[in-house]
Each structure stands twice: as structure tokens, then as C-alpha cells.
*Asks:* 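Once you've had a glance at the structure underneath, I'll fire off some questions.
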There are 2 protein chains.
Amino acid sequence: MKKKSINLEDRAICAVDYAFRRIGGKYKGRILWYLSNFGVLRYGALKRTLHDVTTKMLTQTLRELEADNLIHREVYHEVPPRVEYSLTKTGMELIPFIGHLNDWGTKQMEEEGLRSKGC
Amino acid sequence: MKKKSINLEDRAICAVDYAFRRIGGKYKGRILWYLSNFGVLRYGALKRTLHDVTTKMLTQTLRELEADNLIHREVYHEVPPRVEYSLTKTGMELIPFIGHLNDWGTKQMEEEGLRSKGC
DNA sequence: CAGGATCCCGGACGATACTG
DNA sequence: CAGTATCGTCCGGGATCCTG
């Protein structure tokens, strides 16, 4: 039984709504952002980079992003296994906007006196 | 007892995380987007534009956006009462981002064969 | 007209244990 | 190493009724 990662059956109201549903959630933005910074990341590296995610949530989120065609999953059948994640073309198209969001967030955090730790 | 609109006590991990927390949620993106399109909107107009929101969620979301200094709330003490919402300077800085997200979403929806209804 | 107050549910998210 | 499998919690969001 295949399940789409996101409820698109209840029609997105508009494009903004649609987009937010695809990159919403607690980790999706950061995953896309990290992947754009590092190019390719293994499962474990991704987990360490996020550092506050459980395997369940990470796997689930990655599967959703993959089903939405935002990231690519490459499996290497070795021992020990290796799986690498990278952005798809569609996913890359989102990066400028996340970058913009990153700039905005950085600026806001500085104004609040919070040290903005780089990602 | 004042409560910040979003859990910033559990420190945002990075700027992207921070930004997503402020504009995440089911309606925030669309509210900002509609306000940027119309300039100023009354509570009722906003509700009709969103058309799938309860008063509770709308009010709550607006209060959060206000606390986060993304929108401005202007109350006119008349009978019947009138309340108008508009973007703050900080809020406006987010519009290019949402605009591009809108373009991206529109394109994606078309590729999926979904008619993209304008907002 | 613009909300406030309550009650409630489902799904996002988490903790922990286990595995090919 | 890269996940599955269960079980549990929490709160975002919704339904409904009420009010200055």
C-alpha cells in the first residue's frame, strides 16, 4: 500500500500552501540545506549533523523527501552498508530560497542578540 | 503570563531552523502572502481569504505572527469593531522568499497536472 | 465584527529495542 | 552502518458555543 508522503489528496489551497506542505515539518528545511552545503551526505553524517533527530524521524523524513522527488537516495550494497543522499534537480531549485531564509534568520537572530551558530 | 509564540527557549539549532519555526504552521505562509498581495486586510477578510480556518486558529496564528513582529495589528475602536492587519518591515523582508516559493509551487503543480489556482 | 473559552482528536514526533 | 518495529506522548489544529 503506497502512501504519498503528504496529504495532497486534500488539495493544496494554492501554490504557497502546496510548497509549505512539501518542505514543512521539523527537519525538512535543514536536511535540504545541509545537503546543499555538503553535496552528498551519508545517513549517519546526516544524523550527526541534525544531532537532535531519532532514526525513526530521520528515515521517515528522508523517505518523504524522496517520494516528493526532492532528494535522491543512492544505496551501495557493501558491508557495512552505505547510503548516500543528495539533492535532485527539483530539490536544488529550492536552495536559493532556503538560502534567503537562512540570511533572514541569521539577521533576526543577531538582532535578538542570539549568537547565530552556523549550520 | 506572557508566552512567546514559539518555543525559542529550546534554542533554534541554526538560522534555517529558526526561520522555519517562525513561518511554519499551517497558515502562516499564506497569511503573510495574502497580506503582501492586499497590503491591509481586516480580520473577516483574512478569514474569508483563507476560507478553511477556524476563528481560534486564525486568532492564534495572528497573535503569534504579531508577537514575532512579522505583522502589525491596528485596532479601531468603533462599533462594530474593526481590526486591520498588515506586514511589518521584518515581515516584508520575507515576501521575496514566499514569492519564489509560490513560483516554485506553481511550477510543480503544473508538472503534476494540477491546476494551480491563484491565491 | 472580531474575537474568547472549552473540549477534543489524530497525527507528528519521540524513546527504546532490535536487525540484515 | 543504516535502518525497522513498537509503543507512547504531546500539541497543533478543529468543533462548538459564547461575548463585548
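Order of the sequence lines fixes the chain letters, A, B, ..., with proteins taken first and strands second; residue numbering starts at 1 for each chain.
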*Asks:* Between B/R30 and B/D52, does any side-chain N to carboxylate O distance fall below 4.0 Å?
*Replies:* yes
*Asks:* Assign each of A/T55 and A/P81 to its nearest nucleotide of DNA chain D by heavy atoms, then name whichever residue's nucleotide is nearer the 5' end.
*Replies:* A/P81
*Asks:* Could you give the CD1-to-P distance, from A/I71 to D/dA2, as a whole number of Å?
*Replies:* 14 Å
*Asks:* Without decimals, in angstroms, what is the distance between B/E66 CD and C/dA2 C1'?
*Replies:* 14 Å
*Asks:* Taking B/D103 first and then B/K107, would you say they form a salt bridge - that is, a charged N and a carboxylate O separated by under 4.0 Å?
*Replies:* no
*Asks:* Whole angstrom is fine here: how far is it from CD in A/Q60 over to P in D/dA2?
*Replies:* 19 Å
*Asks:* What is the distance from NE2 of A/H77 to P of D/dG3, rounded to the nearest Å?
*Replies:* 11 Å
*Asks:* Check this for me: does any side-chain nitrogen of one of A/E64 and A/K28 sit under 4.0 Å from a carboxylate oxygen of the other?
*Replies:* yes
*Asks:* Between B/R22 and A/E112, is there a salt bridge with N-O shorter than 4.0 Å?
*Replies:* yes
*Asks:* Side chain of A/Y27 only, please: which of C/dG3, C/dG14, D/dA2 is the nearest?
*Replies:* C/dG14
*Asks:* Whole Å only: how far is the NZ atom of B/K47 from the C1' atom of D/dA15?
*Replies:* 12 Å
*Asks:* For the side chain of B/R42, counting heavy atoms from C-beta on, which of C/dG3, D/dG13, C/dC1 is nearest?
*Replies:* C/dC1
*Asks:* Taking the side chain of B/V83 as heavy atoms from C-beta outward, which of D/dG13, C/dA2, D/dT4 is closest to it?
*Replies:* C/dA2
*Asks:* Say whether A/Y43 and A/T59, considering side chains only, have a donor N or O and an acceptor N or O under 3.5 Å apart.
*Replies:* yes
*Asks:* Is there, by distance only and without an angle test, a donor paired with an acceptor across the side chain of A/K56 and the base of C/dG14 below 3.5 Å?
*Replies:* yes
*Asks:* Reckon A/R73 has a side-chain N or O less than 4.0 Å from the OP1 or OP2 of D/dA2?
*Replies:* no
*Asks:* With heavy atoms under 4.0 Å as the rule, sort B/T59 into base, sugar-phosphate or nothing.
*Replies:* sugar-phosphate
*Asks:* May I ask you to say what B/Y76 touches in the nucleic acid, namely base, sugar-phosphate or nothing, with a heavy-atom cut-off under 4.0 Å?
*Replies:* nothing
*Asks:* Send over the distance from A/L58 CG to C/dA12 P, rounded to a whole Å.
*Replies:* 17 Å
*Asks:* Expressed as a whole number of angstroms, how long is the span from A/K26:NZ to D/dC10:P?
*Replies:* 13 Å
*Asks:* Starting from the 5' end of DNA chain C, give me the residue, B/P80 or A/T61, whose nearest nucleotide shows up first.
*Replies:* B/P80
*Asks:* For the pair made of CG in B/L41 and P in C/dA2, what is the distance, rounded to whole Å?
*Replies:* 11 Å
